[in-house]
Amino acid sequence: MPRLLIALGVALYAFLYAPLVVVVAYSFNDSRVNAEWVGFTLKWYEQLLTDASMLTAAANSLFIALASSALATLLGTLAALALAQRRRQPLLKFLTLAPVAVPDILLGVSLLMLFVLLNLSLGMLSITLAHTVFSIGFVMVAVQARLAGLDPALLEAARDLGATPWQAFRRVTLPLILPGVVAGALMAFTLSIDDFVVTFFTAGVDSPTLPLQIYAMLKTSVTPKVNAISTLLMLLTLSLILLAHRLSPGALRAR
Amino acid sequence: MRKPPPSWLLSVPPLLYLLALFALPGLLMLLVAFRLPGDYGGLMPLWSDEDGALTVNLTLENFTRLVEDDIYLKLLASSLLYALLTTALCLVLGYPLAWMIARSRRRWRDLLLLLVILPFWSNFLIRIYAWMIILSPVGALSRGLNALLEMLGLGPVQLMFSPTAVIICLVYVHLPFMVLPLYANLEKHDPALLEAARDLGASAWQRFWRITAPLSLPGVLAGSALVFIPSFSMFAIPDLVGGTGGIMIGNVIKQQFLEARDWPFGSALSITVTLVVLALAALAAAAARRGVRHA
Amino acid sequence: MKKWLLPLALLLSLPAQAADVLHLYNWNDYIAPETIERFERECGCKVNQSYFSDAEEMLAKLAAGAKGYDVMVPSTEILGALIKQGALMPLDKNQLPNIVNMDPAYMNIPEDPGNRYTVPYAIGTTLIGYNEQKLKELGITADSWALIFEPEILAKIKGKVTVLDSPRELIGAALIYLGYSVNTTDREQWKQAAALIARAKPYWAAFNASSYIKELATGSIWVAHGYSMDLYQARVDAEQAGRDFSIGFVLPKEGANIGMDHMAISAHAPRPDLAHKFINFMMDGRNASELTNMIGNGNPNRAARPYIRPELLEIEALFPSPELQKRLQVLEEFPTAKDRRDFNKLWTELKLR
């Protein structure tokens, strides 16, 4: 690999991690003002461990992100496969991409109105359903990018050899598109765990999520406790992924 | 030979889901765009009965208002500019990154990819706050940059509260949505193709433009769509770091729902934005495909 | 080690399901933890808080049909809409004996005559905060709205000023500076205020809703149009960080807006009994004082005064004297949707220009 490219890559990772270094460093900062370095402390972590509402919110966020990204990955992958078989499906294309384009506020308000009409009680379920709506498009696009230019002969060959459609999918198609599916799932997870606007409107009285807690601090003060919970949540998610990776190595690449 | 499942069977679950949870509420909001705001927030009743004269309160005003004066069109244009610049920068930065990850050793690939998305599992607001610290006029970056500019005999610049800050943050939050689909596409390219081309005497430049670039077009289009479409109606970043200059159409939409209590106009604006963005994205994709076919 | 500690902590922290739960819809950090604990002990119930970060957010969410809250803490500017939409339940004064503690100066406001639906919770003014040392160096006095509106003054502090990202507050300040009412709907007066803002805008760094506390306390900006509680917070933060400057704030001589938050019961409250208990509890002097001691809000409860830290009571911007109160204006709802629409268009044009 050219040296120039490696240097560029290092610079890009530095760009991605510059704010993160600030986030993590300030979670150990002995100043309420989250603005400059004063001294080392663990007090934000100590406060956090006794703050039940913050921990519940983090657990809710993680649960909703896992559930909605799983559902969106399933539905988005199906949409991409359907479009690969037949390109001319304008309704499907429109319905998957429009939620990505619609301003969050409109999506949030309209879903809240729908849930109220349907008498669905607001809570974890309504948030999960709502997040899935805007995540499907991201998954579909990622899987499509992978599917484009894949050799259809491979699939036909599998079927000619007597594979059932399920076997052909499981043994041939899925491994081929897996990097796209995983990329889509990662995006869906990220979108969900970070969403504020849609969550604000679709959340009930008993389902705080982390972004809801954090945005509510905007007016008064975002204390380093938030940096601490962000750091912990990142570590937890990372360890979950690494664990999943231990259980099924090589999920991110084609076999 | 057995038949593959027909495409309609595959498309039924996502279609049903989105019809119920997107099209249905979307139609509600479409109707809202033709109604009038109530005097005390919410909506005016669909019909009112005054002295026996029934009036139906429906209007096109929310759409005509968009064009009767050029401020909303100007805003659409400036948001378009922000979104395009963000997309272009994400592509320029994201392409080499995705390519590097796709070409790195197998056992490093997963980790490198994971490292791209990891920062985005912290919280959005916290990341933007971190940028506010980095770009602050009393921060090291601003001071260093301005010291350098002074040595060159140039005036100082302000990073925080400027359109530059908006662009930096927009690029930052959207970068992974460029890198991930691009990676998914680039990862499958057969290195043998490039080797063959090299053996035939093609320069590195030729190899890239003739082979890698056209093959990766679906990845480029996918990543660009996932950056361009959501960045267009962004409002949180201009609100937080934009200063008095950086305002986008998303801010005005938010204002209709969360300040003006004018849901009908907010809906009309949102629907217009959605259709404009999707049309632009479709046009750009079609043009890019045609361009490659003719190249 | 953290890796396994967190899930464990999460499991342990899942809230125990108490039979009696009061759902409170509030700003974050807007009730002292010890107050909540005391109430939970007294009534044998649990308090479950949901947060909003803007009164309009709360209004939009309720207008779309969200239910399930018992007590809410709306600001004055959305009271009219909430009451007229039927979102609030009339208070049963028999269950609120502590109401005698409230300062009559803050009762019986035009939005809720006779306090049928609400009782005041906290008050604050909108004014100007500034870096005392910097302004002294530059020879600028900070007793007038001219500080954020007059180009001659602004020229010395260009790029170091933020104003509130709120049309009612900012245009309101301009109207006050021009000697008009903040609630005027006279289009000519609006136009003059807009011209004033357009002239000053190039000197401002940002329309800012939230981060000015931090920017002031770190010295990144020198002048901020903001809320009294926030400016008080900025002063405390600067002190605690040991800065070589201090943050001052004054009520401009032309006058200012006074904002109030109120306690109200949702029309759909699952537990009106607990809601009344809570509101009465919060009107007790000692309980009401704890919020003020925590965040420095002005307090509409006379019985709270003996419990409030004396240094807070001395700050005029937080506890305005009857003399000063005459110069304060309350933001009221515009009479029609058309007024609100035109006003917001004016704001969009101002921001875009």
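The sequence lines fix the lettering, A, B, ..., with proteins before strands; numbering per chain opens at 1.
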TODO: Could you grab the distance from atom CG of B:Leu269 to atom CG of A:Leu106, nearest 0.5 Å is fine?
DONE: 10.5 Å
Open item on the list: Measuring only between side-chain heavy atoms, which start at C-beta, is A:Tyr26 closer than 4.5 Å to B:Ile133?
Closed with: yes
TODO: Could you tell me which portion of A:Val181 (side chain, backbone, both or neither) has an atom closer than 4.5 angstrom to a non-hydrogen atom of chain B?
DONE: neither
- [ ] Assign the ring pair A:Tyr215 / B:Phe124 to parallel, tilted or perpendicular, where the plane angle (0 to 90°) is split at 30° and 60°.
- [x] parallel
Open item on the list: So B:Pro218 and A:Leu147, do their side chains get closer than 4.5 Å, heavy atoms only?
Closed with: no
TODO: Select one option (side chain, backbone, both, neither) describing which atoms of B:Val116 are under 4.5 Å from chain A's heavy atoms.
DONE: both
Open item on the list: What part of A:Leu71 gets within 4.5 angstrom of chain B, counting heavy atoms only: side chain, backbone, both, or neither?
Closed with: side chain
Task: Heavy-atom proximity to chain A below 4.5 Å, by part of B:Ser233 - done: side chain
- [ ] Select, from B:Ala222, B:Pro181, B:Ser270, the one with the greatest count of heavy-atom pairs under 4.5 Å involving chain A.
- [x] B:Ser270
Open item on the list: Working note: A:Tyr17 + B:Leu115, criterion side-chain contact (heavy atoms from CB on, under 4.5 Å); need CA distance, chi angles, decisive distance, verdict.
Closed with: CA-CA 9 Å; A:Tyr17 277 81; B:Leu115 282 178; 3.3 Å; yes
TODO: Could you check if a side-chain atom of B:Asn185 sits within less than 4.5 angstrom of a side-chain atom of A:Arg146, using non-hydrogen atoms only?
DONE: no
Task: Taking every non-hydrogen atom, the tightest pair across B:Leu114 and A:Leu238 - done: CD2-CD1, 3.8 Å
- [ ] Give, as side chain, backbone, both or neither, the part of B:Phe228 having an atom under 4.5 angstrom from any heavy atom of chain A.
- [x] neither
Open item on the list: Does any part of the side chain of A:Ile105, heavy atoms only, come nearer than 4.5 Å to the side chain of B:Phe235, both counted from C-beta?
Closed with: yes
Open item on the list: Please give me the minimum heavy-atom distance between A:Phe94 and B:Leu275, naming the atom from each residue.
Closed with: CE1-CD2, 4.3 Å
TODO: Check the pair A:Leu16, B:Tyr172 against side-chain contact (heavy atoms from CB on, under 4.5 Å), reporting the backbone distance first and the verdict last.
DONE: CA-CA 7 Å; A:Leu16 285 171; B:Tyr172 184 78; 4.3 Å; yes
Task: Heavy-atom side-chain proximity of B:Arg127 to A:Asp194 below 4.5 angstrom - done: yes
Open item on the list: What part of B:Ile117 gets within 4.5 angstrom of chain A, counting heavy atoms only: side chain, backbone, both, or neither?
Closed with: side chain
Task: Proximal component of B:Leu112, with respect to chain A [non-hydrogen, under 4.5 Å] - done: both
- [ ] Check each atom of B:Ile134 against the heavy atoms of chain A and say whether the ones under 4.5 Å are side chain, backbone, both or neither.
- [x] side chain
Open item on the list: Among A:Ile193, A:Leu97, A:Val100, which residue has the highest count of heavy-atom pairs closer than 4.5 Å to chain B?
Closed with: A:Val100
- [ ] Begin with the C-alpha distance, continue with both residues' side-chain angles, and end with the deciding distance and a verdict on side-chain contact (heavy atoms from CB on, under 4.5 Å) for B:Phe22 and A:Ile136.
- [x] CA-CA 11 Å; B:Phe22 178 71; A:Ile136 291 176; over 6 Å; no
Open item on the list: For a quick test of reading the model, state the closest non-hydrogen atom pair linking A:Leu129 to B:Tyr17 and the distance between them.
Closed with: O-OH, 2.8 Å
TODO: Below 4.5 Å from any heavy atom of chain B, which atoms of A:Phe115 appear? Answer side chain, backbone, both or neither.
DONE: side chain
- [ ] Identify which of B:Val277, B:Val276, B:Leu226 forms the greatest number of heavy-atom pairs closer than 4.5 Å to chain A.
- [x] B:Leu226
Open item on the list: How close do A:Ala145 and B:Gly219 get, counting heavy atoms only, and between which atoms?
Closed with: CB-CA, 4.0 Å
Task: Selection from B:Leu118, B:Val273, B:Val32 maximising heavy-atom pairs under 4.5 Å formed with chain A - done: B:Leu118
- [ ] Tell me, for B:Ala204 versus chain A, whether the close heavy atoms (under 4.5 Å) come from the side chain, the backbone, both or neither.
- [x] neither
Open item on the list: Which atoms of A:Ala11 are under 4.5 Å from chain B, going by heavy atoms: the side chain, the backbone, both sets, or neither?
Closed with: neither
- [ ] For chain B, find which of A:Gly180, A:Ala98, A:Ala79 contributes the most heavy-atom pairs closer than 4.5 angstrom.
- [x] A:Ala98
Open item on the list: Among A:Ile214, A:Val23, A:Leu118, which residue has the highest count of heavy-atom pairs closer than 4.5 Å to chain B?
Closed with: A:Ile214
Task: Residue part contacting chain A, namely of B:Leu175, when any heavy atom lies under 4.5 Å - done: side chain
Open item on the list: Would you say that A:Met187 contacts B:Phe120 through its side chain, given a criterion of any heavy-atom pair below 4.5 Å between the two side chains?
Closed with: no
TODO: Could you tell me which portion of A:Thr96 (side chain, backbone, both or neither) has an atom closer than 4.5 angstrom to a non-hydrogen atom of chain B?
DONE: both
Task: Heavy-atom side-chain proximity of A:Phe196 to B:Leu125 below 4.5 angstrom - done: no
Open item on the list: For B:Pro119 versus A:Leu20, what's the shortest heavy-atom pair and its separation?
Closed with: CA-CD1, 3.9 Å
Open item on the list: Go through it in stages, so that I can follow the logic: the residues are B:Leu28 and A:Leu117, the test is side-chain contact (heavy atoms from CB on, under 4.5 Å), and I'd like the CA-CA distance, side-chain angles, deciding distance and then a yes or no.
Closed with: CA-CA 11 Å; B:Leu28 281 178; A:Leu117 272 179; 4.0 Å; yes
TODO: Kindly state whether the ring of A:Phe138 and the ring of B:Phe177 have centres lying under 6.0 angstrom apart.
DONE: yes
Task: A:Leu12, part contacting chain B, at a heavy-atom distance under 4.5 Å - done: side chain
Open item on the list: With heavy-atom distances below 4.5 Å as the criterion, would you say the side chains of B:Pro25 and A:Met113 are in contact?
Closed with: no
Open item on the list: Heavy-atom cut-off 4.5 Å, strictly under: side chain, backbone, both or neither for B:Leu21 against chain A?
Closed with: both
TODO: Measure the spacing between CG of A:Leu75 and OG of B:Ser11 and express it to the nearest 0.5 Å.
DONE: 11.5 Å
Open item on the list: Can you tell me which portion of A:Leu107 sits under 4.5 Å from chain B's heavy atoms? Options are side chain, backbone, both or neither.
Closed with: side chain
Task: Closest contact, heavy atoms only, B:Ala20 versus A:Leu114 - done: O-CD2, 3.6 Å
